[in-house]
Amino acid sequence: MRKTLRFLQLSALSSFLLAACGTQDEFDLSSLSVTSEDDKSDAAGKSPLTWARPSAFNVVCIRHPCATNMLFDVNTAASHLVYAYDWRALKLTQGDEKNAEAQAKNMLLRGRYVSVKVAGEPMEVYQVTRANMRVADLADSPETDRYYSTKAASTGCPQAPCNGLAATRLNMPSPQPEIWTGVDLGKLGLSQKGIATLQEELAAGTAYVSTNGQAKDGIVPVGQAFRPLKAGPLQ
C-alpha cells in the first residue's frame, strides 16, 4: 500500500523496531511471480519500474502486520512503506540474499511495488531487479539529493574528443540529458585506481551518482556513487 505519511525518523529511533509486531513468515514471497525488467508493465498489469533509496532509519511498528522499510522514490516526492523485499530476480545465493537484506539501507534499488494482503491487511512488497551498493561511507539524502544515470556523451561537448557525460535523472526520463564536462569524485575518498575505475563505469552506464551541489565549469560534485551489488568494492 502506498503511503505518503512518514513516521518520525529521528536518529534516536534508528535502532528501534517493535518485536511484538509479527514476522514476515505470514506471507510467502513464492506466491508472487518473479519480476523482470523485460516485462511490459502495462500488458502484464504490473507497476512500473521505479528507482528507490531505502531510508537509513528503521520503521517504527504501530500494529501487526508491520511494514519493515521505508523507500523513497528518488527525484520525486513519493515514499512507500514496504512489508518486504523480494530479491529473487537477482538470483543470489542464500547467503548473498541474507547479506543484501542486511545492507539494503546502503543501496540504490530498482524494482516494482506489488500490492499484497498480509493477515487481511493491504501491504506492499518491493520486487528488486537491480541492487547497487554505495561506494563511500557517506550520508546521502534521498529526499533532497538528485540521482542520475550517466553514460559517455556523444554530442554536446565543447570540443572533440568528447570526454563528458550525458546524465539523466532517475525516475524522470528526458529526451535531452544534461551534459556534464566531468564529475568531482573527491568526497568519496577513493584511491586513484578507484577513481579511474568508477569514471570508466560512469562512462559505460553501469554506475550511478547522487549530488546536491551545483556544477562549476560543467563539473558536477558527486556526493555518493552506487555500483552493482556483484561488482565488489573498489580497489
Side-chain angles (χ1 to χ4, degrees), residues 37 48-56 71-79 90 99-100 103-111 126 128-235:
E37 293 195 3
L49 290 161
T50 303
W51 289 96
R53 187 77 173 87
S55 170
L71 273 66
F72 299 97
D73 295 348
V74 299
N75 297 323
T76 77
S79 62
L90 301 186
N99 183 62
Q103 294 294 322
K105 290 181 173 60
N106 298 323
M107 297 182 192
L108 175 67
L109 303 173
R110 194 182 195 211
Y126 187 72
V128 181
T129 60
R130 297 189 207 179
N132 298 274
M133 182 67 73
R134 69 183 186 182
V135 167
D137 188 19
L138 298 171
D140 54 307
S141 176
E143 295 177 275
T144 57
D145 289 0
R146 303 184 303 280
Y147 293 77
Y148 290 87
S149 63
T150 65
K151 62 180 180 180
S154 58
T155 60
C157 295
Q159 59 184 20
C162 185
N163 296 317
L165 293 170
T168 302
R169 292 181 72 173
L170 302 179
N171 293 332
M172 299 179 66
S174 170
Q176 298 296 328
E178 300 177 23
I179 301 299
W180 298 349
T181 302
V183 289
D184 179 358
L185 303 174
K187 289 184 178 180
L188 302 181
L190 301 175
S191 66
Q192 289 299 314
K193 182 179 179 180
I195 288 175
T197 298
L198 182 56
Q199 287 176 329
E200 291 175 358
E201 293 173 347
L202 292 172
T206 60
Y208 307 87
V209 295
S210 69
T211 179
N212 59 13
Q214 298 300 317
K216 184 177 181 180
D217 297 327
I219 298 177
V220 175
V222 170
Q224 186 59 270
F226 302 87
R227 303 171 66 243
L229 180 60
K230 296 181 179 181
L234 289 169
Q235 301 297 319

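If you're wondering where the values come from, they're calculated on a predicted model, not measured in any experiment. Here, residue 1 is the first one in the sequence, and each next residue gets the next number.
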Test log, rule side-chain contact (heavy atoms from CB on, under 4.5 Å), inputs Trp180 and Val209: CA-CA 13 Å; Trp180 298 349; Val209 295; 4.0 Å; yes
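- Of all heavy-atom pairs between Thr211 and Pro221, the closest is OG1-O, 2.6 Å.
- Contact check for Leu198 versus Glu201: side-chain heavy atoms found under the 4.5 Å cut-off.
- Between Leu202 and Thr150, the shortest heavy-atom contact is O-OG1, 2.8 Å.
- Side-chain contact check for Leu188 versus Leu234: every heavy-atom pair is 4.5 Å or farther apart.
- Looking only at side-chain heavy atoms (C-beta outward), Thr181 and Asp217 stay at 4.5 Å or farther from each other.
- Residue pairs meeting the ring-ring contact (aromatic ring centres under 6.0 Å, His included) criterion with at least one member in residues 202-232, sequence neighbours excluded: Trp51-Tyr208.
- For the pair Lys187 (side chain) and Ala136 (backbone), a donor-acceptor distance under 3.5 Å is absent.
- Here OG1 of Thr76 is found 10.0 Å from CZ of Arg169. Values are rounded to the nearest 0.5 Å.
- Nearest heavy atom pair, residue Val220 against residue Ala215, reads CG2-CB, 3.9 Å.
- Between Arg53 and Met107, the closest heavy-atom pair is NH1-O, 2.9 Å.
- We find the CG-CG distance between Asn106 and Asn132 to be 12.5 Å, quoted to the nearest 0.5 Å.
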Evaluation steps, side-chain contact (heavy atoms from CB on, under 4.5 Å), between Gln224 and Val135: CA-CA 7 Å; Gln224 186 59 270; Val135 167; 4.1 Å; yes
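- Side-chain atoms of Tyr147 and Asp140, non-hydrogen and from C-beta on, do get closer than 4.5 Å to each other.
- Here CG of Asp73 is found 8.0 Å from OG of Ser79. Values are rounded to the nearest 0.5 Å.
- Counting all heavy atoms, side chain and backbone alike, Pro233 lies closest to Arg227 at C-NH1, 4.0 Å.
- The CG atom of Leu71 sits 10.0 Å away from atom OG1 of Thr50, with the distance rounded to the nearest 0.5 Å.
- Proximity of Asn75 to Arg146: side-chain heavy atoms (C-beta onward) are separated by under 4.5 Å at one or more points.
- The two residues Thr168 and Pro177 come nearest to each other via the heavy atoms OG1-CB, 3.6 Å.
- If you take CG on Leu108 and CG on Leu229, they are separated by 12.0 Å, rounding to the nearest 0.5 Å.
- Met133 contributes atom CE, which lies 9.5 Å from atom CG of Leu109 (distance to the nearest 0.5 angstrom).
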